[in-house]
Peer 1: 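Before anything else, here's the structure in question.
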Amino acid sequence: MLASAGAIGNGPEAVMINFALVGCGRISRKHTEILANGQAPGAAMVAVCDIKADAARETGEKYDVPWFTDMHEMMRAVGDRVDVVSILTESGLHARHCLELAPYRKHILVEKPMALTLDDADAMIRACDLAGVKLFVVKQNRYNVPVQKLREAFDQGRFGKVVMGTVRVRWCRTQAYYDQAEWRGTWALDGGVFANQASHHVDLLEWFLGEPVSVFAKSRTALVDIEAEDTGVAVVTFRSGALGIIEATTATRPKDLEGSLSILGETGTVEIGGFAVNQMKIWNFAEALPGDEDVTTNCRENPPTVYGFGHVAYLNHVVDVIQGGARSLVDGLEGRKSLELISAIYESIETGREIPLRFQAHRARLGQP
């Protein structure tokens with residue numbers, strides 16, 4: 001039996017939400033572990049697919065689920081048991097796979113970035129709307145414990161007028177990382193550090209500072225042999241008047257240093273550090289509230305990888321949305337916002353000009369063959 005948006009979540013009659021995974025690469029391991037190990041109690045994995053038979057077989061046999069090398073064959077075989085199809089393939093293939101899968105009328109979950117071009121993102125949103133299904137875009141860092149605490153303070157108005165926000169991605173990706181797969185670091189299927197590693201951080205910056213109105217960016221390819229950039233900086237002007245700084249590199253050596261977020265306002269300053277936006281480092285407000293003194297101690301996590309723990313909360317959120325009709329925190333329209341800013345960053349890099357939002361890409365190479 002398939003779940004409906006009107007089903008009651010978390011109760012004894014709640015329907016299990018069944019996931020089928022398309023793509024059995026590196027990021028899929030986060031999804032398979034959560035679904036197979038009961039970390040999302042209302043969810044189950046019922047099938048996996050990858051065009052590489054060895055990858056599909058290994059994953060399917062490991063978790064004792066049917067495996068396929070063709071997603072259409074998978075849907076014909078087990079589609080009546082599927083509620084959500086998770087698209088975990090190369091970034092440049094997300095749109096194509098979404099458009100092919102939407103007619104099966106199953107909800108679509110897609111890893112970041114949702115697409116590489118705005119036209120593709122818009123097509124995905126339209127296709128899911130026409131099919132009457134939800135489109136979920138994975139932005140798991142919003143669920144990190146310190147980020148959730150920061151959001152609480154932000155929604156309470158504790159910052160007053162926000163002056164500046166900064167994200168820093170200082171990670172290590174050597175040539176060996178890019179050589180693991182031909183699509184990595186290519187314009188057509190991946191992009192560079194802005195589109196890939198920093199996309200979650202760009203999302204966080206917009207989540208707090210609001211609508212961007214312009215961006216100016218520079219980049220270079222410093223230490224690896226790839227088509228796209230491994231290092232870049234961008235200055236963003238927001239409609240509120242706040243300024244945003246994006247510093248992103250995979251040329252940190254010899255290991256990951258940080259993935260951080262800072263918000264500065266007229267009545268408060270917060271900095272979240274760690275290598276995965278996982279440690280509350282600074283929590284200062286002009287007007288102290290009970291519990292403030294414990295925030296830096298209590299709001300920290302120690303994830304084993306830069307992916308953090310947010311995928312668990314995100315997949316549970318997807319289940320809640322489908323079972324109980326909760327509002328989706330990151331749907332297609334929300335996922336499109338960070339893609340638009342990333343596209344404008346690349347347009348600025350190519351033209352050497354400050355790019356206004358909204359804009360139509362002419363020179364940006366992201367998503368182009």
Side-chain angles (χ1 to χ4, degrees), residues 1-5 7 15-40 42-116 120-121 123-138 181-183 189 311 314-316 318-319 321-323 332 335:
M1 176 179 178
L2 296 185
S4 67
V15 178
M16 185 69 71
I17 304 302
N18 291 330
F19 288 72
L21 275 54
V22 176
C24 295
R26 180 177 179 179
I27 191 60
S28 73
R29 296 166 197 161
K30 293 298 298 184
H31 294 258
T32 55
E33 290 170 2
I34 293 166
L35 294 171
N37 296 334
Q39 294 175 279
M45 180 170 56
V46 297
V48 297
C49 175
D50 196 292
I51 60 172
K52 296 180 179 178
D54 289 345
R57 181 188 300 108
E58 179 182 352
T59 304
E61 292 180 351
K62 179 178 181 178
Y63 295 105
D64 194 26
V65 297
W67 59 271
F68 302 85
T69 57
D70 183 289
M71 63 185 184
H72 296 289
E73 180 184 346
M74 178 181 73
M75 296 307 293
R76 288 191 292 267
V78 301
D80 59 340
R81 298 172 53 203
V82 173
D83 300 296
V84 182
V85 182
S86 298
I87 299 174
L88 313 177
T89 53
E90 298 91 328
S91 300
L93 297 178
H94 289 173
R96 190 184 90 187
H97 291 157
C98 177
L99 296 181
E100 291 187 25
L101 288 165
Y104 290 101
R105 298 187 181 277
K106 310 299 179 182
H107 302 299
I108 302 290
L109 179 149
V110 60
E111 266 288 349
K112 60 79 187 170
M114 64 181 292
L116 294 185
D120 279 348
M124 293 166 69
I125 294 168
R126 284 194 302 270
C128 289
D129 284 347
L130 287 172
V133 299
K134 297 184 183 298
L135 175 59
F136 300 94
V137 181
V138 179
E182 293 182 355
W183 59 271
L189 295 177
H311 277 89
Y314 188 85
L315 289 177
N316 277 288
V318 170
V319 170
V321 170
I322 297 173
Q323 286 183 339

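Keep in mind that the numbers below use all heavy atoms, side chains included, and drop hydrogens, waters and symmetry copies.
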Peer 1: Might you work through the salt bridge (charged side-chain N to carboxylate O under 4.0 Å, His left out) test for Glu100 and Arg96, ending with a clear yes or no?
Peer 2: CA-CA 6 Å; Glu100 291 187 25; Arg96 190 184 90 187; 3.7 Å; yes
Peer 1: Could you check Val84, Thr89, Thr32, Thr59 and say which one makes a side-chain contact (heavy atoms from CB on, under 4.5 Å) with Leu21?
Peer 2: Thr32
Peer 1: What I'd like to find out is whether the side chain of Thr69 reaches to under 4.5 Å of the side chain of Asp50, using heavy atoms alone.
Peer 2: no
Peer 1: Please evaluate residues Lys134 and Val321 with respect to the criterion side chain to side chain contact (heavy atoms under 4.5 Å, CB included), reporting the C-alpha separation (whole Å), side-chain torsions for both, the decisive distance (0.1 Å), and the verdict.
Peer 2: CA-CA 9 Å; Lys134 297 184 183 298; Val321 170; 3.6 Å; yes
Peer 1: Where is the tightest heavy-atom contact between Ala55 and Cys24, given as atom of each residue plus distance?
Peer 2: O-CB, 3.9 Å
Peer 1: For atom CD1 of Ile51, is the number of surrounding heavy atoms from other residues, nucleotides or ligands below 6.0 Å larger than 12?
Peer 2: no
Peer 1: Please find the pair of heavy atoms, one from Met74 and one from Cys49, that lie closest to each other, and give the distance.
Peer 2: SD-CB, 3.8 Å
Peer 1: Minimum heavy-atom separation for Ala43 to Leu35, with atom names?
Peer 2: CB-CD2, 3.6 Å
Peer 1: Would you say Asn37's side chain and Glu33's backbone share a donor-acceptor pair under 3.5 angstrom?
Peer 2: yes
Peer 1: Do Ile87 and Cys98 come within less than 4.5 Å of each other through their side chains, counting heavy atoms only?
Peer 2: yes
Peer 1: Minimum heavy-atom separation for Ala115 and Met124, please, with both atom names.
Peer 2: CB-SD, 3.8 Å
Peer 1: For residues Ile322 and Val318, determine if any side-chain heavy atom of one lies less than 4.5 Å from a side-chain heavy atom of the other.
Peer 2: yes
Peer 1: Assess whether side chain to side chain contact (heavy atoms under 4.5 Å, CB included) is satisfied between His107 and Phe19, documenting all intermediate values.
Peer 2: CA-CA 9 Å; His107 302 299; Phe19 288 72; over 6 Å; no
Peer 1: Between His31 and Glu111, is any side-chain donor less than 3.5 angstrom from a side-chain acceptor?
Peer 2: yes
Peer 1: May I ask you to decide if Val137's main-chain N or O and Tyr314's side chain share a donor-acceptor pair within less than 3.5 Å?
Peer 2: yes
Peer 1: Below 4.0 angstrom, N of the basic side chain to O of the carboxylate: do Arg57 and Asp54 qualify?
Peer 2: yes
Peer 1: Between Ala47 and Val78, which heavy-atom pair has the shortest distance, and what is it?
Peer 2: CB-CG2, 3.8 Å
Peer 1: Given the rule in the side chain to side chain contact (heavy atoms under 4.5 Å, CB included) test, do Ile27 and His311 qualify, once you have shown the distances and angles that lead to the verdict?
Peer 2: CA-CA 10 Å; Ile27 191 60; His311 277 89; 4.1 Å; yes
Peer 1: If we ignore hydrogens and angles and just use 3.5 Å, is the side chain of Asp83 paired with the main-chain N or O of Asn18 as donor and acceptor?
Peer 2: yes
Peer 1: Look up atom CG in Leu130 and atom CZ in Arg105, then write down how far apart they are to the nearest 0.5 Å.
Peer 2: 8.5 Å
Peer 1: Kindly determine whether Leu109 and Val85 satisfy side chain to side chain contact (heavy atoms under 4.5 Å, CB included), including the steps that lead there.
Peer 2: CA-CA 6 Å; Leu109 179 149; Val85 182; over 6 Å; no
Peer 1: Return yes when atom CD of Glu61 has more than 12 non-hydrogen atoms of other residues, nucleotides or ligands closer than 6.0 Å, and no otherwise.
Peer 2: yes
Peer 1: Is there a side-chain contact between Ile125 and Leu135 in this structure, where contact means two heavy atoms from C-beta onward sitting under 4.5 Å apart?
Peer 2: yes
Peer 1: Determine the minimum heavy-atom distance between Trp67 and Gly60, stating which atoms define it.
Peer 2: CB-CA, 4.1 Å
